[in-house]
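Data first, discussion second: the structure below is written as structure tokens.
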Number of protein chains: 2
Amino acid sequence: MKQAQRLYDIVNVVKEQGYMTIEELTKRYEVTPQTLRRDLNTLADKGKIKRHHGGAASIESSIENTPYQQRKAENQNAKLAIAKRVAQLIPNNASLFINIGTTNEIVAEQLLQHQGLTVVTNNIYAASILSQKQDFSVIIAGGEVRFQDGGIIGEATRDFIQQFRMDFSILGISGIESNGALLDFDFREVKVSQAMLAHAQHNILVADGSKFHRQAMVEQAHMSQINTFVCDREAPSELMSVMKQNDVRFIKI
Amino acid sequence: MKQAQRLYDIVNVVKEQGYMTIEELTKRYEVTPQTLRRDLNTLADKGKIKRHHGGAASIESSIENTPYQQRKAENQNAKLAIAKRVAQLIPNNASLFINIGTTNEIVAEQLLQHQGLTVVTNNIYAASILSQKQDFSVIIAGGEVRFQDGGIIGEATRDFIQQFRMDFSILGISGIESNGALLDFDFREVKVSQAMLAHAQHNILVADGSKFHRQAMVEQAHMSQINTFVCDREAPSELMSVMKQNDVRFIKI
DNA sequence: CATAAAATTTTCGTTTTCGAACATTTTCTA
DNA sequence: TAGAAAATGTTCGAAAACGAAAATTTTATG
């Protein structure tokens, strides 16, 4: 195996395992420890891994690995499927709002394939992900950062959002009642979401099936304000008829 | 097989395999290594593949460093030492501004030991780190997110910052001239930093020694506006005298 | 805190790969 | 088909990658 190939593989294997010793890597690539050290130092210089005595560790990109991020793992498959479907709905060069929610972070990752997007968001994780692409214009709302989930919330945030008129909004929520009420836990987030709803042409609701019977406190909006609802499950029949009445396009993956 | 055909095929096979050695390609096309080298160099010039010693890799599977990642890896030890010292200067329950910069992200990590801080920042990474603590109040400025480093910049950002009056500002910069001029690369960031300087009681400058002779374009501020300067090296004597004249406390780690 | 063990850096010689220059063959075109 | 242009092959000094051994630093342990 050539050096370039090995370097690439080391980055992946270290990222995957979290930590690799020189010895383990020696066995894997059948080169001397000396060569491995040179490789690891090269990669550390480039900021790809973190060098330690005896081996190397992956870099936690300061925005990952927060306790909150672990919640992202729940229902991962459903969320990924939803995210991919949502990404298909968004054309290149579109402008969109993205609000808080784990599903929305995965949506952000999927949107990296697009080009020329303009995104206004109150989700610092989504902003961080999307700002990796040079041809995206990412605008983050100002305000207080909620400690659990990196959401930016409050009245100042709502005012900020209201400056914009976007093509789409992609909204995640905490709960859905069968009568079509969309619920959240935090009234400050609700204000922001309402502003996004009011200032986007086409509103896309994303939610995995676990939201159907989840209790939440604050009424955020109503299904009648939504244009498209992407979900991984069949909705309760009462909700289905509410959607039908209001011309909501329901996409089940 | 003709050259054009071969070139086309090489691109595909490299993309498919991720990496191909000269030797493998020699066998595949039955030409001399020299010819393959010419081919690979041609393709690399056109940006179709990535050339390496012994072969070539596809563009995607590149281990190239983003400039930002690299900068973060540079001087890691100095930055950590500076960050720890800065954290000591900040009392519990203080309010502070934090601006852009890799050192400031490490400062944010160190501040997690504190209690009851109120932080206003235009650095999404710092915001993300600090928002992990429930007893912190983290406020992020709104505005456009710069793709290289997650900095939030611009006039709207400055206006946002100006709403606040804080105890401290922790400022990272791009360059320091010996006459005491503090420099940055981006005028949009400069506006934000100036606002922080003007609205904090006590201004702390953080910089590792590499900043002393770095050229940067925009004058951001002057050393006379700084109260405390934390650095890992001795400053040039001219700068030392400027600091003395202006009652700047210089802390060398 | 002193010592040993482990890991790392440094140095140096060997092998592999590279690139430039020139020779030869193939392809194109008038 | 003659001549030019492009592609390929050959040769050789330079550069890069690698392994081995010595010198140095870091870490563990009594």
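A, B, ... follow the sequence lines: proteins, then strands. Residue 1 opens every chain. Heavy-atom basis, side chains included; hydrogens, waters and symmetry copies ignored. All values derive from a computational prediction rather than experimental measurement.
Note on B/Q3: only backbone sugar-phosphate atoms sit closer than 4.0 angstrom, heavy atoms only; bases stay farther off.
Taking atom CG of residue B/D45 and atom P of nucleotide C/dG19, one finds them 10 Å apart after rounding to whole Å. Protein atom CD of B/E23 is 11 Å distant from nucleotide atom P of C/dC18, rounded to whole Å. Between B/R37 atom CZ and D/dA15 atom P the separation is 16 Å, expressed in whole Å. One can place CG of A/N41 at 16 Å from P of D/dT25, the figure rounded to the nearest angstrom. B/L25 has its CG atom 16 Å from the C1' atom of D/dT8, to the nearest Å. If you take CD1 of A/I22 and P of D/dG19, they are 13 Å apart, rounded to a whole angstrom. Taking atom CD on A/Q5 and atom P on C/dT17, their separation rounds to 13 Å, with Å as the unit. A/R6 has its CZ atom 13 Å from the C1' atom of C/dT16, to the nearest Å.
For B/Q34, counting side-chain heavy atoms from C-beta on, the closest listed nucleotide (D/dT8, C/dA20, D/dC18) is C/dA20. The side chain of B/R51 lies closest to C/dG19, out of C/dG19, C/dT10, D/dG9. Of the candidate nucleotides C/dA7, D/dT10, D/dG19, C/dA7 has the atom nearest to the side chain of A/H53.
Remark: B/D232 does not engage B/K252 in a salt bridge, criterion side-chain N to carboxylate O under 4.0 Å. Note on B/R28 versus B/D9: salt bridge recorded, some NZ/NE/NH1/NH2 to OD/OE distance being below 4.0 Å.
Judged purely by atom type and a 3.5 angstrom limit, B/N123 uses its side chain to pair as donor or acceptor with the backbone of B/N99.
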